[in-house]
Amino acid sequence: MPIIAAQNVSVRFPVGRRKVLTAVDDVSISVRRGETFGLIGESGSGKSTLGRAIVCLERPSEGRVLHEGANPYEMSRRQMREHRRQYQIVFQDPAAALNPRMTILKSVREPLDAASKGTPEERNAIALEMMARVGLGEAFAGLYPHQLSGGQKQRACIARVLTLRPSLIVCDEAVAALDVSIQADILNLLAELQQEFGLTYLFITHNISVVEHISDTIAVMYLGRIVEIAPAERLAKDYLHPYTQALLSAEPVALPSSMRPDRRIVLEGELPSPMNPPSGCRFRTRCRYADDHCATETPPLRELAPGHFSACHYAETFRTRPGQEEGGE
Ligand code: SF4
C-alpha cells in the first residue's frame, strides 16, 4: 500500500466574488514508503499546493489524499492532530520557519512541547540528539536564528521536523535559497537521514538537476496538472513530453549527457493564468508541436511504458516531429 495516494485531487481558491483559481486540477499520484518522489515544475504550476494538500495544510476541493489507505479528514480532530505529526514539511525559507526570538534548541524542541511528549528533560534530550544528527552540536543550542548561516538554519528546520519521527517529509524548495555547495550538503544529509530513519520524501522543486540524482520517481507538473511521470532513471533516458524536454534543456548546470536534450529549447511566453487555462492541452500556447487537435482535445495521461505516463497526444513521436531541429538555439 502506498504511503501517499492522491486520488483525483483538485484544489481551488476563490478570487474575489466570482472567480476561481484552480491551483491543482484532478491530480493522482502514488508515493511508495521509503522512496524519494520528485515533483518539478515552474513557479505557479501548483506543485507546492499539491504538497500542502498531501500534508493536510490544504483541504482538497475534490478528490482525496490517503495516508496509508486512511483519509485524515475522516478522523476525529484528536486523531487527526496525532496523525498529522507523521507528515511534515520543510519550507524554502528557513529564516521564516524559525522564531527569531527563540533559541535554536527551543525551536527544535517546540513540536515536542506542542505535542506534550515526555518530560521537559526528555524533550531537551531528543532535540539535542536531532540537532547533533544534522550537524548542529550543543554550541548551537543557545544561539538565535540570526546567528546561523542559511544552511545551518535549514539544518535546524530539518532537526525540528525529525523530533516527531515522521514517516514522510515534504521538502518544498528546501534547498532553493542555499548556495550550490550548501545545497549538496543538505541533499547528502537528507539522503543519510532517509536511510537511518526510513523516511519517505516528496521533493518539490523547479530545478530538475536538484532531484534527478536523488529521486526514484519524478512527476512533472504544468498549470495544475501532471504532464509526465516516470521512474527517474527512465525519464533520464526517454522523456516523453515537450515540457519535460524544455525543462531539461534549460538546465544551466551539467546534467548527465543521458538527460540532456541535444539542443537548448527556449520556452516562449509566460505560464498562462490558472484562472483561465488554455483549452485542450494546457501547454499548447508554449509548445512548438501544437496543432488544432491540441486546442480542442485534452490529452489524457497515458502509460506508454511500465510506470511511464505522458499527457501529450504525440508523446510517441514528438522527438522526431518537424521543428525539433529548427527549434534549438
Ligand atoms: Fe504539445 Fe500538443 Fe503534446 Fe500538448 S498535446 S504537449 S500542445 S504536442
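Read the numbers this way: they start at 1 and go in the same order the structure lists the ligands and their atoms. The figures that follow rest on heavy atoms only: side chains count, while hydrogens, waters and symmetry mates do not.
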For ligand 1, which atoms sit closer than 4.0 Å to a heavy atom of [X]?
X	answer
A290	7 (S)
C287	1 (Fe), 6 (S), 7 (S), 8 (S)
Y314	8 (S)

Region of P242 engaging ligand 1 - heavy atom pairs below 4.0 Å: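 The answer is the side chain of P242.
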For ligand 1, the portion of H241 having any non-hydrogen atom under 4.0 Å away: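 Just the side chain.
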side-chain hydrogen bond (donor to acceptor under 3.5 Å, both in side chains) partners of residues 176-191, not counting sequence neighbours, each pair once: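 Found none.
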Atom 3 (Fe) of ligand 1 reached by C294 (N, O or S, under 2.8 Å):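 Short answer: no, not a single N, O or S atom is under the cut-off.
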Side-chain heavy atoms of E42 within contact of Y243, under 4.5 Å: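 The answer is yes; the side chains approach within 4.5 Å.
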Aromatic ring pairing Y87/H67, orientation class (parallel under 30°, perpendicular over 60°, tilted between):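 Parallel, since the angle between the ring planes stays under 30°.
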Acceptor/donor pairs from residues 302-309 side chains to any protein atom, 3.5 angstrom cut, sequence neighbours excluded:
| unit_1 | atom_1 | unit_2 | atom_2 | d |
| --- | --- | --- | --- | --- |
| R302 | NH1 | E316 | OE2 | 2.8 |
| R302 | NH2 | C312 | O | 2.8 |
| R302 | NH2 | E316 | OE1 | 3.3 |
| E303 | OE2 | G307 | N | 2.7 |
| H308 | ND1 | R234 | NE | 2.8 |
| H308 | NE2 | E228 | OE2 | 2.6 |

Neighbour count >12 (heavy atoms, 6.0 Å) for atom CD, E196: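 Buried by this count: over 12 neighbours within 6.0 Å.
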